[in-house]
Protein chains: 2
Amino acid sequence: MMSRTSQAPNECDSSKSSIVASRPRLWETASAMSKQKDNGTPAVRHPGQKISLKFLADHLGLSPATVSLVMNRSAVADSIPKATQDQIFAAAHKFNYRPNFLARSLRTQRTFTIGVIVPEVSEGYETLVLSGIEEHLLREGYFYFVASHHHKPDLIDEYPKLLLARSVEGLIAVDTPWQHDLSIPVVAVSGHNEMQGVTNIMLDHRRAAELALEHLFKLGHRRVAFIKGQEFSSDTEARWDAIVQAATKLGLTIHAKLTTQLLGDVPSPDLGYQVTRRLLAKHEPFSAMFAFNDISAIGAIRALREKGLRVPEDVSVVGFDDIQSAAYQNPGLTTVRQPLRKMGRIAAETVLRRITRDGMDYPKQITVEPELVVRESTCKAGRANVAKSRFRKDC
Amino acid sequence: MMSRTSQAPNECDSSKSSIVASRPRLWETASAMSKQKDNGTPAVRHPGQKISLKFLADHLGLSPATVSLVMNRSAVADSIPKATQDQIFAAAHKFNYRPNFLARSLRTQRTFTIGVIVPEVSEGYETLVLSGIEEHLLREGYFYFVASHHHKPDLIDEYPKLLLARSVEGLIAVDTPWQHDLSIPVVAVSGHNEMQGVTNIMLDHRRAAELALEHLFKLGHRRVAFIKGQEFSSDTEARWDAIVQAATKLGLTIHAKLTTQLLGDVPSPDLGYQVTRRLLAKHEPFSAMFAFNDISAIGAIRALREKGLRVPEDVSVVGFDDIQSAAYQNPGLTTVRQPLRKMGRIAAETVLRRITRDGMDYPKQITVEPELVVRESTCKAGRANVAKSRFRKDC
DNA sequence: CTGGTTGACTAAAGCGATTTAGTTACGATT
DNA sequence: AATCGTAACTAAATCGCTTTAGTCAACCAG
């Protein structure tokens with residue numbers, strides 16, 4: 001088995017700085033544009049001719065080995081005279097030569113490719129994590145494949161295999177329950193897996209629950225409604241446990257009649273809307289809601305409004321995640337912020353670190369801290385009660 | 001040059017249906033699980049042994065050629081007895097063999113990989129297009145690389161080259177101005193390029209402008225403020241031209257003092273917010289706004305609100321795109337819907353079609369139709385005037 | 001004159017498939 | 001008995017690169 005400690009290809013001492021810092025460069029062909037004297041046997045360039053290493057070599061009257069060695073700035077190539085090297089670079093530049101990544105990968109067993117699997121690509125949550133992942137990976141010269149499984153077990157099963165067949169060097173799973181035991185490093189964002197070989201990046205749920213509940217508690221809310229996440233979401237359970245703990249600590253009672261759970265696997269504010277309507281139909285009084293995520297909080301607010309309840313005057317609402325649209329809701333959504341982009345970045349960093357320093361030791365878990373973002377959807381509780389509070393204004 | 005008309009590999013008549021319809025399967029190894037009699041010379045399986053074709057062949061006492069032929073259900077393999085075939089499948093299944101995609105790609109010159117370049121991965125607009133692209137590509141057995149360039153010219157230059165070096169078979173560019181002349185099919189979503197080799201998927205801007213302006217006009221709005229897109233956005237110019245035309249047709253005057261333009265390249269409602277504040281500072285009366293996109297409309301609404309103007313009672317606002325959060329704004333955003341997901345799907349379909357039916361003929365442009373989505377951010381104009389309309393309620 | 005260095009390259013194996021052009025054995029035909 | 005046909009495989013080239021182990025000539029030291 002090949003050691004993964006080898007550095008990225010073409011990482012060389014060239015002083016030419018690339019646009020994207022420190023990426024494994026695909027040979028900077030421009031380095032020696034001068035002195036391009038075409039050698040004795042200039043290979044004829046047929047119209048559709050692919051520019052391969054061999055083509056260059058023939059053109060220069062050298063062997064592919066030499067060209068490769070020089071272009072990769074291999075130590076072995078030190079003995080090759082500057083003049084020859086320049087010729088090689090010049091030719092490469094002239095023909096705009098780019099090595100074939102497939103061939104190189106096949107040979108070196110390095111693909112610089114990561115697989116990412118997520119439930120959806122179009123959701124606020126995943127989207128932010130993805131952007132953190134993407135930024136780091138591309139900066140480091142990797143590309144990635146994304147596959148979204150919409151929580152379908154078949155796909156959750158299938159995609160990792162397909163990605164593996166494509167020789168990805170690592171896998172990042174976002175909000176996806178994990179069963180596999182893969183031969184490559186796996187990092188799960190919001191995973192909660194205790195699997196061999198996976199690093200979990202997760203929020204400090206305890207702290208998150210405390211932040212939200214303390215905030216509501218201090219504002220005087222005692223009857224709080226909760227929207228739990230769907231069964232399949234890997235955060236649901238941990239989040240709920242943390243809420244129960246935090247509530248206990250505060251002496252806040254959780255009323256069974258005021259807790260509901262999201263249903264449906266296509267994420268949409270509508271899920272929160274439906275669940276809140278059902279909640280309101282019970283005529284059980286409450287002065288605040290804590291939703292599983294921002295998207296359901298947004299739906300909840302709509303449902304409340306439709307019943308003539310003002311947010312936050314009659315009911316305070318706290319979301320979770322701080323997706324981009326949370327800030328631009330009206331009222332701005334008070335929410336527990338997950339550093340989603342950062343979590344993505346950490347996931348990417350971790351997976352790359354595990355790939356390159358292929359040690360047996362890797363972190364089983366990395367915890368990140370939440371942050372309470374107070375906007376306009378929460379305020380002091382009045383004599384809070386769904387029935388009574390309808391037309392009061394106390395903010 | 002190899003013909004691209006060859007069908008996807010492993011597309012066979014096997015009755016076993018795959019999870020994902022009609023994808024080029026990576027050999028369904030389960031097809032013959034019975035009768036696995038290990039041949040005379042069972043290759044020893046070392047712990048870290050990679051399962052290659054050669055390994056299987058050795059194990060079975062056959063040549064790699066035979067195994068490959070059978071597994072690919074090549075016509076040449078017709079003469080190979082069922083018994084042998086079964087043994088091969090059984091062994092493949094037993095060892096959970098998956099062909100190495102890199103090797104296969106290198107040989108066949110088919111990578112089943114598409115490159116996608118977008119400004120951001122985390123924005124509502126791109127995100128929806130991406131999800132349309134992704135759905136179609138994965139269904140067809142392709143994977144894709146995404147690269148986001150944040151409108152940086154260097155990256156817009158660099159990424160296509162890197163993707164090409166990775167042998168993508170086609171490229172989809174979303175909202176990205178295009179200069180390159182690539183050797184592979186290129187599809188641009190909202191591109192407005194007249195480049196050789198690129199198919200543009202674009203909205204019928206004329207119709208879009210008409211929908212929005214007619215709507216406002218019918219509601220009685222005569223003084224409409226406009227927010228134009230940033231210079232770099234490929235839609236900006238076409239959209240504006242269409243607006244001018246539609247306005248002329250309606251007899252609506254466009255006031256220079258009421259038109260502003262977004263600045264800044266990190267998309268955020270804040271851009272719309274800033275621009276609207278500046279607009280309001282002019283104290284030029286208007287009763288409606290037409291924003292370049294939903295995201296700026298959302299910021300605009302916030303700015304209006306801050307000045308004590310109600311939306312829609314005092315100022316009606318029309319957005320553009322119909323990103324997901326538009327529906328869940330409060331008030332719900334009236335907007336011109338671009339069928340973004342569909343545009344993504346069409347882009348994917350088109351690029352695949354161009355890859356497989358490698359004809360010279362390809363559509364230069366595909367136009368999709370917008371749709372007006374009336375929600376709550378627009379209503380009848382009163383004696384509309386920023387100064388006067390402050391405390392009226394006429395909806 | 002011999003042997004050792006060094007400089008400048010190159011041959012060739014190998015990564016893991018696919019695919020064309022055979023080869024071999026065997027039974028059937030002429 | 002020679003030929004043919006067919007069934008059942010296989011050899012080997014190839015895709016485009018990397019990389020180790022040489023090769024070969026020139027130069028130098030002893």
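Every chain is numbered from 1, with letters handed out A, B, ... down the list of sequences. What you are looking at is a predicted structure, and each value in this text was computed from that prediction instead of being measured. Values below: all heavy atoms of this structure, side chains included; hydrogens, waters and symmetry mates excluded.
- Taking the side chain as every heavy atom from C-beta outward, B:Arg98 and A:Leu164 never approach each other to under 4.5 Å.
- The only option from A:Tyr142, A:Phe101, A:Phe143, A:Phe112 that meets the ring-ring contact (aromatic ring centres under 6.0 Å, His included) definition with B:Phe145 turns out to be A:Phe143.
- Summary for the helix from C:dC1-D:dG30 to C:dT30-D:dA1: the axes at its two ends, each from 5 pairs, differ by 90° when rounded to the nearest 10 degrees.
- For the residue pair B:Arg166 and B:Thr113, no side-chain donor N or O sits within less than 3.5 Å of a side-chain acceptor on the partner.
- Side-chain atoms of B:Thr66 and B:Ile80, non-hydrogen and from C-beta on, do get closer than 4.5 Å to each other.
- Rounding to whole angstrom units, CG of residue A:Leu60 and P of C:dA8 are separated by 17 Å.
- In this structure, the salt bridge (charged side-chain N to carboxylate O under 4.0 Å, His left out) partners of B:Lys54, at least two apart in sequence or on a different chain, are B:Asp58.
- A 4.5 Å side-chain heavy-atom check between A:Val168 and A:Ile184 finds at least one atom pair inside the cut-off.
- Residues passing the ring pair (Phe, Tyr, Trp, His ring centres under 6.0 Å) test with A:Tyr144, sequence neighbours excluded: none.
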Just the atom pairs and distances: protein N or O near nucleotides 14-16 of chain C's N or O, under 3.5 Å.
residue: C:dG14; atom: N2; partner: A:Arg107; partner atom: NH1; Å: 3.4
residue: C:dG16; atom: N2; partner: B:Ala103; partner atom: O; Å: 3.2

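- In this structure the side chain of B:His136 reaches within 4.5 angstrom of the side chain of B:Leu352, judged on heavy atoms.
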Distances for protein N or O near nucleotides 7-9 of chain D N or O, under 3.5 Å:
residue: D:dA8; atom: OP2; partner: B:Ser79; partner atom: O; Å: 2.3
residue: D:dC9; atom: OP2; partner: B:Thr84; partner atom: OG1; Å: 3.2

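- The distance between the ring centers of B:His59 and B:Phe95 falls below 6.0 angstrom.
- In this structure, the side-chain contact (heavy atoms from CB on, under 4.5 Å) partners of A:Ser167, at least two apart in sequence or on a different chain, are A:Thr111, B:Asn100, B:Leu102.
- Atom CE of A:Met71 and atom C1' of D:dT19 are 17 Å apart (whole Å).
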